[in-house]
Amino acid sequence: MLYLRDLWRRHRRKVLVTAGVLGSGYLLYKLYDAHKRRLIDLERQLANERENDEFIKAQIQLHFENIQRIADTTTLPHAMPYLSCRIAEDLNLSHLMERLVKGKDQPNSLSSSEKLELWDRLKILSFTRLVVSIWAVTILSLYIRVQVNILGRHLYIDTARGLGSSYLLEEADLIDRDDQQKFLASADFLANHGLPKLISSMQTAATEVLKAKQLRDFFNTAILHETIMQILDMFLSMGSPHHWVDCLMPEDPRLYKLAKTSSDETNPPEFTKFDQLMVETREVLSSAEFSNVVELSLKAVAKALVEEKGFQSGGGNLTNGMPLARLLPRIAQICPTLVEEPSKNQFIQIIQSVPEVGLFFTLLYSNMSAS
């Protein structure tokens, strides 16, 4: 017993130090092991989140592609034929052509001043119908694509709840079917309400640009393209910035409802999901990015149009040039092809092939703010 006590006294310090070292080592090991487990759990969680994010991205890309197909195969084919009919009705050139043909067959049926007036009206209205058709096919195809991308994103957000994507769920707010249908039906606003204002403004621009053009003036591909772009540029620069948006969609619901709220504070009007969709659409259409896309698309359509075979066949062709009087009947024949149904419309394909158009709608759908 004395031996043990003596041994303890002599080696107590060593024993305590050794025990302390062993205890500290064990504690460090436990801490390291716990830290390692946390790292493994974190890595597993991050891997699962990455996998989930990749799945979300793939789903969004697939949904985006489906949305573009819906615009091309459903929404646009519904709206374009009706718009084409309305343009043909409101800018019918046949009565002018018939009177001029009659004047040619029966020289005494029209005086020289009457013939000159008819030719001048045909000149103005032919170009008016041409630029209205160019603008209509361009802006309607872009507008419908804006619509379906905005609506498609909202609907995808509504259905993303089960995918655990927090950045989508922050915006989740269900859209009922009535609001969806009303929103998509607004694509017919141009044909139903905006066309008279559009035609009047385009005719004013055409009259200004063409006032110095005589029927005997020589027109070739370059001159026709320049004339078309001058009319379109003048139209776009008329009035307030983005004035043409009012031809395409109803007034901003915020202005109407704000005025109504001021007059009836006890019963303020409800701001619906439909109103929100329309406001978002107007903001996109009024953006500088969309204006740039419109400008590039109009140029692409105009360039393709003047190279159209209808201008290059028959007696003489536009490449070599012809008098304006001879060009006008060809313009009348070409105009309907601009607003043909989408499956036959090469100009819609040309608009969609503009690189900036594809990029714009990719950014719009992903909500990287094209507005």
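Remember, predicted model here, so these are calculated numbers, not experimental data. One is the number of the first residue; the rest follow in order along the sequence.
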Could you state the interatomic distance from CG (L198) to CD1 (I87), rounded to the nearest 0.5 Å?
7.5 Å
Which residues satisfy the salt bridge (charged side-chain N to carboxylate O under 4.0 Å, His left out) test with D90, sequence neighbours excluded?
R86
Between the main-chain N or O of D246 and the side-chain N or O of E251, is there a donor-acceptor pair closer than 3.5 Å?
no
Criterion ring pair (Phe, Tyr, Trp, His ring centres under 6.0 Å) on W244 and F235, from CA distance to verdict:
CA-CA 9 Å; W244 47 266; F235 164 73; 8.0 Å; no
Determine whether L130 and I124 fall in the same hydrophobic cluster, where Ile, Leu, Val, Met, Phe, Trp and Tyr are linked whenever their side-chain heavy atoms lie under 4.5 Å apart.
yes
Starting at NZ of K123, measure out to CG of L96 and round the result to the nearest 0.5 Å.
13.5 Å
Evaluate side-chain contact (heavy atoms from CB on, under 4.5 Å) for F347 paired with T138, printing each intermediate quantity in order.
CA-CA 8 Å; F347 300 105; T138 301; over 6 Å; no
Check whether any side-chain heavy atom of L285 sits under 4.5 Å from a side-chain heavy atom of M249, and report yes or no.
yes
Is it the case that atom NZ in K197 sees more than 12 heavy atoms from other parts of the structure closer than 6.0 Å?
yes
List the atom of F360, the atom of V284, and the distance in Å for their closest heavy-atom pair.
CZ-CG1, 3.7 Å
To the nearest 0.5 Å, tell me how far I351 CD1 sits from R145 CZ.
9.5 Å
Do N345 side-chain atoms and E340 backbone N/O form a donor-acceptor pair below 3.5 Å?
yes
Taking the side chain as everything from C-beta on, heavy atoms only, tell me whether D120 gets closer than 4.5 Å to L210.
no
Min side-chain heavy-atom separation R129-P336 under 4.5 Å
yes
Minimal heavy-atom distance between L125 and L93, with the atoms involved, is CB-CD2, 3.5 Å
If I take atom CG from residue L232 and atom CD from residue E295, how far apart are they, to the nearest 0.5 angstrom?
10.5 Å
State plainly whether one hydrophobic cluster holds both L76 and V354, where clusters connect Ile, Leu, Val, Met, Phe, Trp and Tyr through side-chain heavy atoms under 4.5 angstrom apart.
yes
Y82 and I144: same hydrophobic cluster, using ILVMFWY side-chain contacts below 4.5 Å?
no
D233 side chain vs Q230 backbone, donor-acceptor pair below 3.5 Å
no
If Ile, Leu, Val, Met, Phe, Trp and Tyr residues are connected whenever their side-chain heavy atoms lie under 4.5 Å apart, and connections chain through other members, are L83 and F189 in the same group?
no
Show, in sequence, the C-alpha distance, side-chain angles and deciding distance for L215 and L328, and conclude whether the side-chain contact (heavy atoms from CB on, under 4.5 Å) test is met.
CA-CA 9 Å; L215 293 172; L328 295 179; 4.1 Å; yes
Give the cluster check for L338 versus M229: same hydrophobic cluster or not, with ILVMFWY residues linked at side-chain heavy-atom distances below 4.5 Å.
yes
Is T207 reaching over with its side chain to a backbone N or O of Q203, donor-acceptor style, under 3.5 angstrom?
yes
Pairs flagged by salt bridge (charged side-chain N to carboxylate O under 4.0 Å, His left out) wherever residues 346-365 is involved - sequence neighbours left out:
none
With distance as the sole test, does N220 use its side chain to make a donor-acceptor pair with the main-chain N or O of M322 at under 3.5 Å?
no
Determine whether F274 and D178 satisfy the following criterion, side-chain contact (heavy atoms from CB on, under 4.5 Å), listing intermediate values before the conclusion.
CA-CA 9 Å; F274 167 74; D178 286 343; over 6 Å; no
Whether S237 side chain and M234 backbone form a donor-acceptor pair below 3.5 Å
yes
For N320 and F218, which heavy atoms make the closest approach, and how far apart are they?
O-CZ, 3.0 Å
Over all heavy atoms of both residues, which pair between A205 and M238 is shortest? Give the atoms and the distance, please.
CB-SD, 4.2 Å
Can you give me the closest heavy-atom contact between L142 and F361, atom names plus distance?
O-CZ, 3.6 Å
Say whether S186 and Y143, considering side chains only, have a donor N or O and an acceptor N or O under 3.5 Å apart.
yes
Are the side chain of E114 and the backbone of S111 linked by a donor-acceptor contact shorter than 3.5 Å?
yes
Would you say NE2 of H78 has more than 12 non-hydrogen atoms from neighbouring residues, nucleotides or ligands within 6.0 angstrom?
no
Below 4.5 Å, heavy atoms only, C-beta onward: do L195 and V132 meet side chain to side chain?
yes
Quick one: does M80's side chain get under 4.5 Å of L140's, heavy atoms only?
yes
Spacing of L305 atom CG and T337 atom OG1 [to the nearest 0.5 Å]
7.0 Å
If you round to the nearest 0.5 Å, how far is CZ of R99 from CG of L122?
12.0 Å
Within-4.5 Å side-chain heavy-atom neighbours: T227 and F219
yes
4.5 Å side-chain heavy-atom contact, M278 and R282:
no
Stepwise side-chain contact (heavy atoms from CB on, under 4.5 Å) test for V245 and F290:
CA-CA 11 Å; V245 175; F290 186 75; over 6 Å; no
Validation row: F183, L151 side chains within 4.5 angstrom (heavy atoms):
yes
Closest contact, heavy atoms only, A302 versus I228
CB-CG2, 4.1 Å
